[in-house]
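Below is one structure, written out as structure tokens, with a few remarks after it.
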Amino acid sequence: MVYSSHVYLQEQRKLLDRLRDVLRVKYQIELENLAIEQPPDIKFGEYALPVAFELARLLKKAPRKIAEEIIAELSPLEGFAGFEVAGAGYINAKLDRGRAAREIASGTEKIAPETPLHALVEHTSINPNKAAHVGHLRNAILGDTFVRLLRAAGHQVDVQNYIDNTGVQVADVVVGLMHLEKLSLEAVQTLMQQLEQRGEKIDYYCWDLYARVSQWYEADEAEKQARKQVRLDTLHAIENGGNDAARVADLVSTAILKRHLETMLRLGIEYDLLPRESEILHLHFWNLAFEQLKESGVLYYEEEGKNKGCWVMKRAGAGQAEDQDGPDEDAKVIVRSNGTVTYVGKDIAYHLWKFGLLGRDFAYRKFFEYADHTCWISAETGEPEHPHFGGAQAIYNVIDSRQADPQANVVEALRGLGYTEQASRYTHFSYEMVALTPRCAEELGYEISDEDRSRPYIEVSGRKGFGVKADDLIDKLIAATQKEVDSRHPELIAKEREQIAKEIAVGALRYFMLKYTRNTVIAFDFNEALSFEGETGPYMQYAVVRTRSIFRKAGTTAEQALADFAGVDATPYLTGEDGDGIWQVWLRAARTSLLLDQCIATAEPAYLAKHAFQLAKEFSNFYRKHHILTEADPARKKFLLATAAVTQRELIRALSWLGISAPEVM
RNA sequence: GCGCCCAUAGCUCAGUUGGAUAGAGCGAUUGACUACGAAUCAAUAGGUCGGAGGUUCGAAUCCUUCUGGGCGCGCCA
């Protein structure tokens, strides 16, 4: 459980502790979970306790009567201004706002988990055979944001991007290069040099090639079998290694992988390790896993039925109903009758490694340099000195919801092996796909059927080359923000304007991907993604820019404004209707750390995204209503400046967790 | 056939542990730049929370069922 110390939660705990005491002493009642909420309007207070409703039946008394009795015992409570009964029997608790504001402003919030976890987050994991598209962006942005949340909460996190460099998808582009284009290994090398000289991207080239190959397999009915055989032979050649197909695969997949890292770096997304399928194969991870699985009885050899001759396991979620005789036809095949292992089998071995349970490690080489750290890649033989990877206590796999079943099977295997603790800390960080609206598809020049046109969205498909490429989208966003920045800030030099445009574009894109909850299908539309108004990243960045402008004009800083606030009694400014509105901003800001805990507990970054937007919105409202720089009362001016400072501090903090920066001007 | 997910304002979505009058953005209408930056703010209109039962002091939220949609279920990866 993540714990962080901050005013809102601290006062909440104090209130609940006191309430428990009262219930124990007055009614001899112990309640496990005491519900606590926020009243619908801030004028009712900061906390609402519906406890009287629950007690009404037990005590055979009216809720309001019980609430009154409890209130009589609750007060006085340090830090609280008072309690009231409201509605049918709510107990509303009101904070001493002046005191709470001082504590929020002093803001020495330490966030330290009770038990820091060594966590492993795996995200992105794009097949290295084509350019990244919008769906991959959602994956990477969700994963990267979750990494930031865990790190903000004080956990140690390794970021992994799994690379399936020996799968069918890579085989398909190798078939394209060697059989459609009829290129040799040397010719492929030449082609890659030519592409680079022309400024063309290899991942874009393969995007089209992959679509062509997929068509080619199906194009000629008479040739179909033969072509599928070419594909299969190529796949096996790549898996085995030591031949030209494998060399072409390595060459191309490595180049495309570099491109993916570049694309993601544009959004501030970095990785620590790139574990590859090729090493999982060549270092024989499976053999070790197989021994464990056989020994524990998770896998058993099927003697009859359709899976005869295979090693199988009980499917996750399958009931224990084994009344009937005969083989479990629903079982999941892990080792085929020809002795080869399936995808889920390899995944089990890989996940044993992640938890440090396999008894074997990768070798490692340096692959990519970031500003302040190195990204390593798995290897058969590597460098003697390298960081320690694997052996995590908790893992998070950012994988789309369609892979729920295979993920569940891996967890099932871990549990069957007796690794129940690890199984409980295995999170399939599931999310829904990004699809295109029919209108968007038509804008991109795709021909769509009448049936598709009537749907709310159309699934993207790499095989058909149907989708929005990540770099194209980022380019479009930057072009749009650049235009705005250029016209708003002609006084700035080009380089500065460029930097600001990029930050706004990234803010817009990341917020767009984060504002939807994970299990909502995003129907992608350029109009919405390219919007900078309303509930968007730039809206929040603009709120921060306004606070920066205020401190610049006031000749001070946010830190100084908070220090200057120390001696001010804000109580008179936090009463009445205007005071309620301003207090709303303070309270929202104070709850930021609470949101961090909630987002980690629920693995849902969208809550923080919404929170940040709400805070920006309430500040914008405050900004319009209360003019800070012209305030005549010096004490009140300090208070208003502190309001802007607290907002800036918490908004920048929340935005940084979302991977969104706030420029000086925009 | 089995399993999982979804249905909330014209559109796109929030609604976390069951709690007070179901919220936001966009779009629409109207108003606000001689005040800290209008990528902004204010106001108005807009809802049988897919239907029907049930549990509960209380249901958009939990249970049952129906309807409509999506996804997954290979000795592919």
Side-chain angles (χ1 to χ4, degrees), chain A residues 33 35-37 39-41 44 48 50 52-54 56-57 62-63 86-90 92 127 164 166-171 232 235 277 306-312 315 317-318 330 332-338 340 342-344 346-347 400-406 408 430 432-433 435 437 455-457 459 481 484-485 488 504 508 515-517 519-523 525 527-528 531-536 538-539 541-543 545-547 549-554 595 598-599 601-602 604 606-607 609-610 613-614 617 620-621 623-631 640 644 665-666:
Chain A
N33 293 314
I36 187 157
E37 329 161 355
D41 193 303
F44 296 133
F53 299 116
E54 219 172 318
R57 197 157 35 111
Y90 280 95
N92 288 336
N127 273 303
D164 184 5
T166 54
V168 276
Q169 294 211 22
V170 169
L232 209 59
L235 175 63
E277 167 95 349
K306 66 169 188 168
N307 295 332
K308 185 179 176 187
C310 299
W311 289 86
V312 301
R315 200 174 283 272
D330 188 44
K332 177 71 196 162
V333 172
I334 302 299
V335 181
R336 302 182 189 101
S337 55
N338 67 5
T340 58
T342 61
Y343 168 75
V344 172
K346 283 180 276 191
D347 219 22
D400 79 73
S401 62
R402 288 171 290 197
Q403 300 212 42
D405 285 353
S430 161
E432 274 290 348
M433 63 182 170
T437 61
R455 292 171 187 272
Y457 53 81
E459 191 175 347
T481 52
E484 283 295 315
V485 175
R488 285 162 197 262
I504 297 169
K515 72 175 178 179
Y516 300 95
T517 48
N519 61 1
T520 300
V521 177
I522 298 180
D525 190 289
N527 289 358
E528 285 182 46
S531 167
F532 309 128
E533 292 168 11
E535 194 191 339
T536 64
Y539 175 96
Q541 291 173 313
Y542 190 66
V545 164
R546 281 175 152 175
T547 62
S549 172
I550 288 166
F551 295 120
R552 235 182 355 255
K553 298 230 158 119
L595 265 292
Q598 281 178 351
C599 288
T602 55
E604 183 50 90
Y607 297 145
K610 295 276 178 190
F613 171 66
Q614 290 297 332
K617 191 173 134 77
S620 297
N621 182 332
Y623 174 90
R624 266 286 162 182
K625 209 164 179 182
H626 305 281
H627 204 264
I628 299 172
L629 297 182
T630 55
E631 174 58 47
L640 294 176
V665 295
M666 66 183 275

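Proteins get letters first, then strands, A, B, ... in listed order; numbering begins at 1 in each. These values consider heavy atoms only, across backbone and side chains, with no hydrogens, waters or symmetry-generated copies.
- Between the C1' atoms of B:rA24 and B:rU65, the separation comes to 33 Å (whole Å).
- Considering only side-chain N and O atoms, A:Asn127 lies nowhere under 4.0 angstrom from the phosphate OP1 or OP2 of B:rA77.
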Please list, for nucleotides 25-29 of chain B, all pairs of protein and nucleotide N/O atoms separated by less than 3.5 Å.
residue : atom : partner  : partner atom : Å
B:rG25  : OP1  : A:Lys617 : NZ           : 3.1
B:rG25  : O2'  : A:Glu535 : N            : 3.4

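- If A:Gly309 and A:Val521 are placed on RNA chain B by their nearest nucleotide, the residue sitting closer to the 5' end is A:Val521.
- A:Val485 comes within 4.0 angstrom of a base, heavy atoms only.
- A salt bridge links A:Arg402 with A:Glu459: the closest approach of a Lys/Arg side-chain nitrogen to an acidic carboxylate oxygen falls below 4.0 angstrom.
- Where A:Pro406 and A:Lys610 each meet RNA chain B at their nearest nucleotide, the meeting point lying more 5' is that of A:Lys610.
- Stacking between A:Tyr343 and the base of B:rC76 is absent under the criterion of ring centres within 5.5 Å and planes under 30 degrees.
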Report all interatomic pairs (protein N or O, nucleotide N or O of nucleotides 4-11 of chain B) with separations under 3.5 Å.
residue : atom : partner  : partner atom : Å
B:rC6   : OP1  : A:Asn519 : ND2          : 3.4

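- Nearest heavy atoms, A:Leu595 versus A:Tyr607: CD1-O, 3.6 Å.
- As rounded to the nearest Å, B:rG15 and B:rG51 have C1' atoms that lie 22 Å from one another.
- In this structure, the side chains of A:His626 and A:Glu631 stay at 4.5 Å or more apart for every pair of heavy atoms.
- In this structure, the side chain of A:Thr536 engages the main chain of A:Tyr539 through a donor-acceptor pair within 3.5 Å.
- As rounded to whole Å, 13 Å separates atom C1' of B:rC75 from atom CG of A:Leu232.
- Using a 4.0 Å heavy-atom cutoff across all strands shown, A:Ala86 reaches at least one base atom of the nucleic acid.
- A:Asn92 and A:Ala48 get closest at one heavy-atom pair: OD1-CB, 3.5 Å.
- When heavy atoms are screened at a 4.0 angstrom cut-off, A:Glu631 is found touching no nucleic acid atom at all.
- Phosphate proximity of B:rG37 to A:Arg546: absent, as no side-chain N or O sits under 4.0 Å from OP1 or OP2.
- Across all strands, A:Pro39 comes closer than 4.0 Å to base atoms (heavy-atom distances).
- Pairing for B:rA42 is with B:rU30, a Watson-Crick or G-U wobble pair whose two hydrogen-bonding atom distances lie under 3.5 Å.
- Atom-to-atom, CD of A:Gln541 to P of B:rU40 comes out at 12 Å; the value is rounded to the nearest Å.
- Looking at heavy atoms from C-beta onward, A:Ser531 lies out of side-chain contact with A:Glu528 at the 4.5 angstrom threshold.
- Under the 3.5 Å distance criterion, the side-chain polar atoms of A:Thr602 are matched with a main-chain donor or acceptor of A:Gln598.
- At the phosphate of B:rC76, OP1 or OP2 sits under 4.0 Å from a side-chain N or O atom of A:Arg336.
- Minimum atom distance to the side chain of A:Tyr457 is reached by B:rG70, of the listed B:rA38, B:rC57, B:rG70.
- Of all nucleotides present, only B:rG1 satisfies the Watson-Crick or G-U wobble test against B:rC73, with each distance under 3.5 Å.
- Put simply, the side chain of A:Thr342 gets close to the backbone of A:Val333: a donor and an acceptor are under 3.5 Å apart.
- When the C1' atom is compared between B:rA22 and B:rG46, the two are found 14 Å apart, to the nearest whole Å.
- Rounded to an integer number of Å, the gap from CG of A:Asp330 to C1' of B:rG3 is 10 Å.
- Residue-level contact check: A:Ala48 touches the bases, meaning some heavy atom is under 4.0 Å from a base atom.
- Salt bridge annotation for A:Glu535-A:Lys617: absent, with no cationic side-chain nitrogen under 4.0 angstrom from a carboxylate oxygen.
- Taking atom C1' on both B:rU40 and B:rA45, the two are 22 Å apart, rounded to the nearest angstrom.
- For B:rA39, the base has a donor-acceptor partner in the side chain of A:Arg488 [N/O atoms by modelled type, under 3.5 angstrom].
- Nucleotides B:rG3 and B:rU56 place their P atoms 28 Å apart, quoted to the nearest Å.
- A gap of 15 Å separates the P atoms of B:rG50 and B:rC13, to the nearest Å.
- Rounded to whole Å, the C1' atom of B:rG23 lies 11 Å from the corresponding atom of B:rG47.
- A:Val312 comes within contact range of no nucleotide atom at all, as no heavy-atom separation falls under 4.0 Å.
- For A:Glu484, the side-chain atoms get nearest to B:rA39 when compared with the rest of B:rA39, B:rC73, B:rU40.
- A:Lys332 comes within 4.0 angstrom of no nucleic acid atom, judged by non-hydrogen atoms across all strands.
- In this structure, A:Ser620 reaches the sugar-phosphate backbone alone: every heavy-atom distance under 4.0 Å involves primed, P, OP1 or OP2 atoms, never a base.
- Comparing atom distances between the A:Val333 side chain and each of B:rA77, B:rC75, B:rU40 picks out B:rC75 as nearest.
- Taking only side-chain nitrogens and oxygens, A:Lys553 comes nearer than 4.0 Å to OP1 or OP2 of B:rG37.
- Look at B:rA59: it lacks any Watson-Crick or wobble partner with both distances under 3.5 angstrom.
- In the interface, the side chain of A:Thr520 is not paired with the base of B:rC13 through any donor and acceptor atom under 3.5 Å apart.
- Distance noted for atom C1' between B:rU44 and B:rG27: 14 Å (whole Å).
- Each of B:rU40, B:rG70, B:rA77 was ranked by its minimum atom distance to the side chain of A:Asp164; first place goes to B:rA77.
- In terms of polar N and O atoms assigned as donor or acceptor, the side chain of A:Asn92 comes within less than 3.5 Å of the base of B:rA20 in a complementary pairing.
- Taking side-chain N and O atoms only, A:Thr517 has a distance below 4.0 Å to OP1 or OP2 of B:rA14.
- At the heavy-atom level, A:Val665 lies under 4.0 Å from base atoms of the strands shown.
- Atom pair A:Lys306:NZ and B:rC75:C1' shows a separation of 10 Å (rounding to whole Å applied).
- B:rA39 atom C1' lies 13 Å from atom CZ of A:Arg624, rounded to whole Å.
- Distance, A:Asn527 CG to B:rU12 P: 14 Å, rounded to whole Å.
- Distances from the side chain of A:Arg402 to the nucleotides B:rG72, B:rC75, B:rA77 place B:rG72 closest.
- Backbone-only engagement by A:Tyr516 is indicated by non-hydrogen atom pairs under 4.0 Å involving sugar-phosphate atoms exclusively.
- Which of B:rA77, B:rG15, B:rC57 sits closest to the side chain of A:Tyr607 comes down to B:rG15.
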